[in-house]
Amino acid sequence: MAIMTFCAANSFGNALDDMCRRLFGAKSDAFIFKELSDSTERYVVRTDTTSGKILIEGTTPSSMAVGLNRYLYSCAKTDVSWHALDEVCLPDTLPRPSQPLEGEARCGMRFFLNYCTFGYTMPFWQWSDWERLIDWMALQGINMPLAITGQEAIWQRVWKSYGLDDYTIRSFFTGPAHLPWHRMLNVDRWEGPLPQSYIDSQEELQKKIVARERELGMKPVMPAFAGHVPPELGKVRPGITIHPMSRWGDLDPELYRSYFIEPSEALFDSIQTRFIEEQERTFGTDHIYGLDPFNEIEVPSWEEDYLHLASARISQSLQKADPEARWLQMSWMFHYMRNKWTPEHVKAFLTGVSPERLILLDYYCDFKEMWKETEQFYGRPFIWCYLGNFGGNSFLTGDMDKVYGRTEEAFAECPSTMAGIGGTLEGLDENPMMHSYALDRAWRHHEQAPTPGSWLERRALARGGADDSRIIEAWRILGDSIYRSTSLSQGILVNARPHLKGHGSWTTNNRYKYDNAVLAQAWELLTEADSDSPAHRYDVVNVGRQVLGNHFEKLRDDFTAAYEAGDIATMHTAADRMDGLIADLDRLLATHHAFSLGKWLSDARRMGATPEEADYYETNARRLITTWGQAGTNLNDYANRDRSGLTGTFYRERWRMFTDAVIAAAAEDREFTDSDSLYTALPQWEWEWTSRHDSFPIESGEDPKRLSKSLLEKYAPF
């Protein structure tokens with residue numbers, strides 16, 4: 001097995017003390033940390049015989065943080081959320097372990113995040129949000145987080161050094177929420193120019209991010225130059241070969257196409273060196289670089305020799321800039337364009353880089369394990385990754401048994417190439433337990449069975465903060481019946497562009513493989529449980545919004561049946577019921593900040609240095625989660641999500657427009673079809689919604705359990 005050693009700084013115990021103070025406040029004094037000198041990455045948690053405090057020993061900061069997390073869920077019945085606004089509730093009297101808790105790492109690399117997460121979740125985050133996520137990552141044992149915030153400041157200085165003017169450079173960048181796809185060579189200029197205030201603020205934020213991650217023993221994965229250049233570079237360096245790349249995301253290629261400099265150009269090495277040197281001066285380096293040419297786009301040539309030489313030249317440029325560099329590459333493109341990335345093409349590309357210099361992220365192992373398709377990436381080390389989410393969609397999904405079986409198989413079959421476990425979610429979503437379980441597969445905890453059922457029971461009690469059989473039973477139902485399917489681009493039907501049948505678009509697949517009445521049973525158990533922990537309140541809303549979202553399909557089908565029967569009176573009644581459920585769903589979502597559009601929009605507006613900039617950021621934030629890009633493209637609703645405010649205005653108003661149009665057609669005795677004028681008007685209406693500036697509260701203050709009980713009574717049977 002390929003193992004990466006992470007050397008702990010002498011002060012990492014202090015860093016963990018600081019983390020405890022952030023999470024636990026005055027109760028942080030109950031914990032003490034001590035370094036072990038073993039070569040095995042492991043932890044031991046026990047009661048200190050001298051002080052009576054909880055002693056956490058470990059060989060690395062990661063192992064100690066994992067030991068702390070094990071104490072929290074096993075003994076203190078406490079769950080730490082990745083949401084900064086969720087408080088961490090420890091019991092008044094902290095229990096001491098009855099016997100030592102021990103465990104060790106099964107692999108050396110534990111990766112987390114996805115380029116897309118920096119768009120679907122993080123483009124407007126404040127430092128408080130990052131502080132909590134970094135602490136959460138530490139507790140999961142992450143030691144290789146993707147760290148790509150603030151790179152535009154580096155690029156701005158690099159491109160200026162080549163003679164490009166400020167406006168050209170800032171216009172090359174996209175708006176904040178779309179920067180991940182600019183960084184991945186997919187789109188340029190969309191909603192640019194990027195304001196200087198954003199570039200500057202993100203540079204300062206990145207300094208804090210990587211400093212904190214390193215304090216906790218992590219090696220941030222930084223960006224490197226993958227060949228993406230402004231087309232204007234050809235004017236100041238005439239004669240160089242710059243390739244216009246293929247159309248992406250249905251955006252206008254004449255306006256938003258990206259450009260790629262030929263790797264054989266000497267200028268490629270120069271740009272790489274200038275970028276790496278400037279980035280290291282600004283943010284430091286840990287010599288691991290995320291570098292992803294050709295993601296979801298056509299390659300300039302599909303000749304095997306070209307692919308081999310392109311990767312070899314890119315790798316050589318990286319080694320010249322940093323002799324210690326290792327290239328971390330997504331395998332997503334091999335799956336996404338598998339009709340082009342044949343085994344021969346993949347092999348040609350990968351073998352251009354020596355095995356000790358390249359690490360592959362097997363990006364979507366919950367669906368397709370590329371290590372099986374590529375002879376274990378032709379001997380290159382890889383990280384087995386759980387994706388679990390597209391676009392930040394809200395949908396209860398995941399398959400714990402598959403994660404367990406596939407990780408066990410990979411550990412057994414790939415002892416020399418499987419380097420680690422990773423999480424590559426596109427957005428922080430509504431399945432935190434799935435992501436924690438997948439990441440926990442990197443660890444072996446003594447005296448704990450790793451199977452999904454036993455793992456869920458322990459974690460369920462931590463989320464409930466109490467020994468309540470109803471919480472265990474609710475999570476047993478979720479584990480046995482709900483978490484049985486792999487994630488896709490999904491969304492409840494409420495979030496789909498309305499139709500009489502089906503779910504409108506590939507971006508809003510609302511299919512599920514269980515009886516909604518079974519999920520409603522879990523919801524009822526959670527509402528009855530004797531708990532008021534932050535995680536439990538979240539679970540009540542999370543399960544309830546999925547139940548209501550699933551039930552909406554029945555109400556829509558009732559409306560369709562009335563239309564087909566020509567029963568206009570029943571159509572009106574059914575339309576009102578649909579509208580009422582969406583209003584109730586919005587009300588339920590508003591009871592918890594994690595399900596609120598208010599935070600997303602208020603965070604965006606806070607970025608603005610002027611009222612005009614605040615409006616710009618808000619519009620950019622609204623577009624990503626609705627139209628995505630230009631009105632009417634195939635990415636519409638890709639980033640759909642259940643959020644109060646979004647549900648109550650965008651989705652609710654869209655469905656009311658639909659039912660009004662269908663009822664009008666029925667009243668005029670004409671057939672309603674996909675050619676109805678509604679579908680011509682909807683893209684423009686959606687686009688106009690993104691320019692609105694109505695505000696929404698971050699949380700309503702209404703009790704989610706009390707409201708859930710009334711909604712269970714109102715809509716049963718499911």
Side-chain angles (χ1 to χ4, degrees), residues 148 150-176 178-200 202-203 223-279 281-282 289 291-301 306 309-311 313-318 320-321 616 620 629-630:
I148 58 174
Q151 64 179 273
E152 285 66 41
I154 310 301
W155 283 119
Q156 187 177 47
R157 294 195 279 275
V158 169
W159 296 133
K160 282 183 178 180
S161 75
Y162 285 101
L164 297 182
D165 65 86
D166 179 73
Y167 185 79
T168 295
I169 296 167
R170 291 193 299 106
S171 297
F172 172 57
F173 302 139
T174 64
H178 297 80
L179 282 173
W181 298 273
H182 172 77
R183 295 162 177 167
M184 289 189 288
L185 192 56
N186 301 135
V187 57
D188 292 347
R189 293 174 292 282
W190 172 250
E191 299 203 322
L194 186 65
Q196 189 64 45
S197 63
Y198 189 84
I199 296 172
D200 294 342
Q202 296 301 289
E203 179 179 2
F225 178 55
H228 185 197
V229 298
E232 293 84 358
L233 186 66
K235 297 179 181 178
V236 298
R237 291 291 190 276
I240 61 174
T241 301
I242 297 178
H243 302 283
M245 304 310 285
S246 56
R247 184 176 187 174
W248 182 89
D250 211 19
L251 296 170
D252 185 341
E254 297 305 314
L255 296 174
Y256 307 115
R257 185 193 303 275
S258 292
Y259 292 82
F260 176 79
I261 185 173
E262 176 58 42
S264 62
E265 293 281 354
L267 189 60
F268 196 106
D269 289 353
S270 171
I271 296 171
Q272 184 78 273
T273 296
R274 289 194 194 185
F275 178 81
I276 295 296
E277 288 178 350
E278 182 62 31
Q279 180 174 250
R281 275 194 295 270
T282 309
Y289 300 95
L291 201 156
D292 291 279
F294 316 133
N295 182 62
E296 297 188 2
I297 51 176
E298 294 280 347
V299 175
S301 170
Y306 178 84
L309 290 173
S311 64
R313 283 287 296 120
I314 293 171
S315 178
Q316 289 163 15
S317 79
L318 191 59
K320 288 179 181 178
Y616 162 79
N620 183 243
Q630 292 171 284

Legend entry - Under the side chain to side chain donor-acceptor pair (under 3.5 Å) test, residues paired with Arg189 that sit two or more places apart: none

Legend entry - From CG (Leu267) to CD1 (Ile261), nearest 0.5 Å: 4.5 Å

Legend entry - Residues forming a side chain to side chain donor-acceptor pair (under 3.5 Å) with Gln151, sequence neighbours excluded: Trp155

Inset, instruction - Can you see which heavy atom on Phe268 is nearest to which on Pro263, and at what distance? - result: CD1-CA, 3.5 Å

Inset, instruction - Determine whether the side chains of Gln316 and Asp269 contain a donor N or O and an acceptor N or O closer than 3.5 Å. - result: no

Legend entry - Spacing of His228 atom NE2 and Asn295 atom CG [to the nearest 0.5 Å]: 12.5 Å

Inset, instruction - Applying side chain to side chain donor-acceptor pair (under 3.5 Å), run through Asp166 and Gln156 and close with a yes or a no. - result: CA-CA 8 Å; Asp166 179 73; Gln156 187 177 47; 3.1 Å; yes

Legend entry - Heavy-atom side-chain contact between Trp190 and His182 under 4.5 Å: no

Legend entry - Side-chain touch Ile276/Leu318, heavy atoms, less than 4.5 angstrom: yes

Legend entry - Glu232 and Tyr259 side chains, donor-acceptor separation under 3.5 Å: no

Legend entry - Heavy-atom check, side chain of Leu233 versus side chain of Trp159, under 4.5 Å: yes

Legend entry - Side-chain heavy atoms of Tyr289 within contact of Gln272, under 4.5 Å: no

Inset, instruction - Output yes when Glu152 and Arg170 qualify as a salt bridge under the 4.0 Å nitrogen-oxygen rule, no when they do not. - result: no

Inset, instruction - Mind listing the closest non-hydrogen atom pair of Ala224 and Phe275 along with its distance? - result: CA-CE2, 3.9 Å

Inset, instruction - Taking atom types as modelled, find out whether Thr174 and Tyr256 have a side-chain donor-acceptor pair closer than 3.5 angstrom. - result: no

Inset, instruction - Output the distance between atom NZ (Lys320) and atom OG (Ser315), rounded to the nearest 0.5 Å. - result: 11.0 Å

Inset, instruction - Starting at CG of Leu291, measure out to CZ of Phe225 and round the result to the nearest 0.5 Å. - result: 9.0 Å

